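To keep things clear, I will list the structure first and then write my remarks on it.
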Amino acid sequence: MTWSISSCFITLVVLFLWRIEDSAEACRCAPVHLQQAFCSADVVIRAKVVGVTAVSGNTNYDVQQIKMFKGPDRVIHAIFTSSSSASCGVTLELTKEYLFTGRMNTDGRMRIVMCDFIQYWEDLNGTQKKSLTQRYRSGCDCTIIRCSSLPCPVSAPDECLWTDWLLADGQSGPQAKYSACLKRSDGSCAWYRGMAPSKK
């Protein structure tokens with residue numbers, strides 16, 4: 001009897017741990033450069049979280065939009081996300097300012113998931129903040145390829161290798177924080193730090 005109870009307990013523990021692992025792995029996101037996130041998003045805004053409510057499996061965050069960098073010609077007042085982290089839902093802090101990239105649903109609501117670029121506004125540096133107004137948009141015809149191990153081939157002239165990932169944390173590297181992948185006068189793309197390439 002004791003052995004049977006112990007066996008059942010072990011089985012339940014294994015199943016519980018398996019469910020936790022399964023849920024944790026349900027949402028996996030490849031790291032993206034802020035320029036990539038900007039170009040692929042429907043909406044990019046700076047906003048402050050001012051309220052939160054639960055709405056049938058979703059979390060509705062009321063936001064005070066501070067600046068729109070990309071999106072519809074109207075103010076965003078609310079952002080939706082899944083209430084479950086296993087479904088890539090995002091947890092935000094009240095009163096905090098964020099940079100949000102996200103999608104616009106067919107019903108006109110902005111929706112975010114864990115794989116979107118969502119970061120405290122204060123954690124962005126000056127170059128990233130300025131690049132949101134023009135530089136990233138001008139580089140949307142270029143493709144950023146993440147390089148995590150050598151060799152990293154470039155298959156087209158419009159590609160930039162994101163080699164920060166050869167370091168420990170690619171999001172903290174110079175290409176992520178201070179550079180944009182922009183088109184040169186010959187139509188190819190290259191990393192530029194600071195000002196955009198001059199037109200010849």
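Because the structure is a prediction, the values reported are computed rather than measured.
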For this session: Give the ring-plane orientation class for His33 versus Tyr136, where under 30° counts as parallel, over 60° as perpendicular and anything between as tilted.
Result: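 Because their plane-to-plane angle is over 60°, the rings of His33 and Tyr136 count as perpendicular.
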Exercise. Should the pair Tyr98 and Phe100 be assigned to parallel (<30°), tilted (30 to 60°) or perpendicular (>60°) ring geometry?
Worked result: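 Judged by the thresholds at 30° and 60°, the geometry between Tyr98 and Phe100 is tilted.
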Exercise: identify the closest heavy-atom pair between [X] and [Y]:
X: Ser85; Y: Met114; answer: O-CE, 3.6 Å
X: Ala37; Y: Val32; answer: CB-CG2, 4.1 Å
X: Asp164; Y: Ala176; answer: OD2-N, 2.7 Å
X: Ile76; Y: Val63; answer: O-CG2, 3.7 Å

Problem set entry | Residue pair Ile66 / Glu97, side-chain heavy-atom distance below 4.5 Å |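 Yes, close enough: below the 4.5 Å cut-off.
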Problem set entry | Side-chain touch Thr91/Thr59, heavy atoms, less than 4.5 angstrom |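 Not in contact.
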For this session: Could you grab the distance from atom CG of Leu34 to atom OG of Ser179, nearest 0.5 Å is fine?
Result: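 Going from the CG atom of Leu34 to the OG atom of Ser179 covers 12.0 Å.
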Exercise. How many angstroms lie between atom CG of Leu161 and atom OG1 of Thr143, to the nearest 0.5 angstrom?
Worked result: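 Output value for this atom pair is 11.5 Å.
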Problem set entry | For Ser131, the option from Arg135, Lys129, Gln134 that meets side-chain hydrogen bond (donor to acceptor under 3.5 Å, both in side chains) |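 It is Arg135, the one option of Arg135, Lys129, Gln134 that forms the side-chain hydrogen bond (donor to acceptor under 3.5 Å, both in side chains) with Ser131.
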Exercise. Can the SG atoms of Cys29 and Cys115 be said to lie under 2.5 Å from each other?
Worked result: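 Cystine link detected, SG atoms below the 2.5 Å cut.
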Problem set entry | Cysteines Cys189 and Cys142 with SG distance under 2.5 Å |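 Between Cys142 and Cys189 there is a disulfide, given that their SG atoms are under 2.5 Å apart.
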For this session: With sequence neighbours left out, write down each residue that passes side-chain hydrogen bond (donor to acceptor under 3.5 Å, both in side chains) with Gln175, or none if nothing qualifies.
Result: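 Result, side-chain hydrogen bond (donor to acceptor under 3.5 Å, both in side chains) vs Gln175: Thr163.
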Exercise. Which residue pairs pass the side chain to side chain donor-acceptor pair (under 3.5 Å) test with at least one member in residues 148-161, sequence neighbours excluded?
Worked result: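 Qualifying pairs, neighbours excluded: Ser155-Glu159.
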